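Bear in mind the structure is a predicted one, so any value in this text is a computation, not a measurement.
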Amino acid sequence: MSVKRINNRVLMSGVDYFSDEFAINAYMDSEIKINLDNARAEHETIKIDLELAGVEIVKIDPPQNCQDGVYTANWGLCKDKKVILSNLPNKRKAEEEYAEEQLLKLGFEIIKCPFRFSGQGDALPCGEYLFMGTSFRTDAEAHDFVKNTFDYKVVSLQTIPYLDSNNQPVINPITGWPDSFFYDIDLALSVISTDTIAWCPDAFTPESQRKVHQIPIKKIEVSYKEATEGFACNLVSNGETVVMSSNAPKLKNTLEKLGYKILTPEIKELSKGGGYIRCTTLTLN
């Protein structure tokens, strides 16, 4: 398979302060304890598998006392040695200054977004397109800001909200923001190559489904079950090898039939924070 490589270089931190003390998304449960030793082993396995795939890892210490500091994908969106920094929820604010310091050290020009913005968690480049989520962690105004800063065709998408027993949207009691099992778009859509995505149609509103269908790229459908229970879409592909969930057999089988090499680290502890493989990496190239 002759393809253009993507995600050649990524930033990873560590799990030293990882916890779900503050349940800031629909996956988290502050009463469930996290085993840091297991989380550390999982994080190392992701790193090893990415290196086996040929991805360069830039490893840094995690930000002190930041429960979600392992999820570097949410620190910004990088392109051409520039980075649009994120505007994160209240319990993640301390990560912003640390992310800026680290990215400055790596030679990036810093651009600050004045709107809520969840970085690469909510902004996934695919060739000339940039798939962006909104309403939960990223404001609609951030889409125009990114579009005016970087040369992408921005595709603005809306995932479905988390509803209570009365079919009403749930407001997260910690952040005060609306909640969703797809609070970041990287839980509902993934970039496999410069012309291919994997996505869970049931994770999106009907209007957003229509938008995705209209984009002239290849699309692989992921079931709602594999997206929510297996974190199927939260993967890292370099265009040849896909590092993905071990709990998404249907997507794995489809990708293998298309000629991709698949690596499937076992992840359990890291998912307790509402993140997975993609979340632990910020693409730098």
Side-chain angles (χ1 to χ4, degrees), residues 19-34 67-68 71 73-74 86-93 95-96 113-124 131-146 154-190 197-214 221-234 245 247-248 270-276 278-279:
S19 78
D20 57 0
E21 178 183 0
F22 299 104
I24 63 173
N25 65 62
Y27 289 91
M28 300 173 77
D29 184 344
S30 57
E31 295 183 2
I32 296 178
K33 300 302 180 183
I34 287 173
Q67 67 168 35
D68 286 356
Y71 301 133
N74 297 120
S86 299
N87 229 322
L88 297 172
N90 50 10
K91 298 303 180 181
R92 298 195 65 177
K93 280 296 178 185
E95 296 175 50
E96 294 175 359
C113 182
F115 309 105
R116 287 192 309 168
F117 179 46
S118 199
Q120 194 177 2
D122 248 349
L124 296 171
F131 294 95
M132 290 192 68
T134 189
S135 292
F136 303 109
R137 295 292 178 89
T138 297
D139 290 326
E141 294 87 348
H143 293 208
D144 288 333
F145 184 86
V146 172
V154 172
V155 183
S156 299
L157 301 174
Q158 169 75 62
T159 53
I160 57 176
Y162 179 34
L163 302 177
D164 63 19
S165 58
N166 295 316
N167 213 36
Q168 296 299 307
V170 172
I171 302 299
N172 187 282
I174 304 297
T175 65
W177 296 357
D179 223 342
S180 171
F181 283 106
F182 306 98
Y183 62 93
D184 275 345
I185 200 176
D186 64 4
L187 293 163
L189 185 150
S190 54
I197 63 169
W199 73 305
C200 175
D202 290 339
F204 293 91
T205 63
E207 180 183 358
S208 290
Q209 290 180 31
R210 287 192 290 271
K211 285 184 181 181
V212 174
H213 282 301
Q214 290 170 359
E221 292 195 0
V222 176
S223 71
Y224 186 86
K225 179 180 177 65
E226 286 200 352
T228 54
E229 298 179 16
F231 287 82
C233 293
N234 203 257
S245 172
N247 299 308
L270 289 171
S271 66
K272 293 178 181 178
Y276 219 70
R278 170 78 273 179
C279 296

inquiry  = Under the rule for salt bridge (charged side-chain N to carboxylate O under 4.0 Å, His left out), what residues qualify as partners of Asp139, not counting sequence neighbours?
reply    =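 Only Arg116 meet the salt bridge (charged side-chain N to carboxylate O under 4.0 Å, His left out) criterion with Asp139.
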
Partner set under salt bridge (charged side-chain N to carboxylate O under 4.0 Å, His left out) for Glu226, not counting sequence neighbours =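 Once residues adjacent in sequence are excluded, Glu226 has no partner under the salt bridge (charged side-chain N to carboxylate O under 4.0 Å, His left out) criterion.
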
key: Glu221 side chain to Pro201 backbone, donor-acceptor under 3.5 Å   =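 Not a single qualifying donor-acceptor pair exists.
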
query = Is Glu21 reaching over with its side chain to a backbone N or O of Gln67, donor-acceptor style, under 3.5 angstrom?
reply =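 No, because the side chain of Glu21 does not come within donor-acceptor range (under 3.5 Å) of the backbone of Gln67.
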
Do you know the tightest heavy-atom contact between [X] and [Y]?
X: Pro89; Y: Thr175; value: CB-CG2, 3.8 Å
X: Cys233; Y: Ala198; value: SG-O, 4.2 Å
X: Ile24; Y: Arg137; value: O-NH2, 2.7 Å
X: Ala188; Y: Ala203; value: CB-CB, 3.6 Å
X: Gly273; Y: Tyr71; value: CA-OH, 3.3 Å

Do [X] and [Y] touch side chain to side chain, with heavy atoms closer than 4.5 Å?
X: Asn172; Y: Tyr183; answer: no
X: Phe136; Y: Pro161; answer: yes
X: Leu157; Y: Lys211; answer: yes
X: Phe182; Y: Ile160; answer: yes
X: Glu229; Y: Asn247; answer: no
X: Lys91; Y: Asp68; answer: no
X: Leu124; Y: Met132; answer: no
X: Phe117; Y: Val146; answer: yes

inquiry  = Using side chain to side chain contact (heavy atoms under 4.5 Å, CB included), reason through His143 and Thr138 one step at a time and then give a plain yes or no.
reply    = CA-CA 8 Å; His143 293 208; Thr138 297; 4.0 Å; yes

request  = State plainly whether the residues Glu207 and Arg210 are in salt-bridge range, i.e. N to O under 4.0 Å.
outcome  =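 No salt bridge links Glu207 with Arg210.
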
To the closest 0.5 Å, what do you measure between [atom1] ([X]) and [atom2] ([Y])?
X: Leu189; Y: Ser208; atom1: CG; atom2: OG; result: 10.5 Å
X: Asp186; Y: Ser118; atom1: CG; atom2: OG; result: 7.5 Å
X: Met28; Y: Ser271; atom1: CE; atom2: OG; result: 11.0 Å
X: Glu141; Y: Cys113; atom1: CD; atom2: SG; result: 9.5 Å
X: Asp29; Y: Lys272; atom1: CG; atom2: NZ; result: 10.0 Å
X: Asp164; Y: Ile171; atom1: CG; atom2: CD1; result: 10.0 Å

ask   = Just wondering, more than 12 heavy atoms not from Lys225 lying within 6.0 Å of its NZ?
value =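 At most 12 heavy atoms, drawn from other residues, nucleotides or ligands, come within 6.0 Å of this atom.
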
task = Step through the shown structure and confirm whether more than 12 heavy atoms of other residues, nucleotides or ligands are within 6.0 Å of OH on Tyr162.
result =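 Not buried by this count: 12 neighbours or fewer within 6.0 Å.
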
ask   = Looking at Thr159, Asn74, Asn234, which one forms a side-chain hydrogen bond (donor to acceptor under 3.5 Å, both in side chains) with Asp184?
value =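 Testing each of Thr159, Asn74, Asn234 against Asp184, the sole residue satisfying side-chain hydrogen bond (donor to acceptor under 3.5 Å, both in side chains) is Asn74.
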
request  = List the steps and the verdict of side-chain hydrogen bond (donor to acceptor under 3.5 Å, both in side chains) for Thr205 and Gln158.
outcome  = CA-CA 6 Å; Thr205 63; Gln158 169 75 62; over 6 Å; no

ask   = In terms of ring plane angle, is the pair Tyr27 and Phe231 parallel, tilted or perpendicular, where the classes change at 30° and 60°?
value =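 If you compare the ring of Tyr27 with that of Phe231, the planes turn out tilted.
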
query = Looking at Trp199 versus Phe131, is the centre-to-centre ring distance below 6.0 Å?
reply =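 No.
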
query = Which is it for Ile185 and Phe204 under the side chain to side chain contact (heavy atoms under 4.5 Å, CB included) test, yes or no, and what are the steps along the way?
reply = CA-CA 10 Å; Ile185 200 176; Phe204 293 91; 4.2 Å; yes

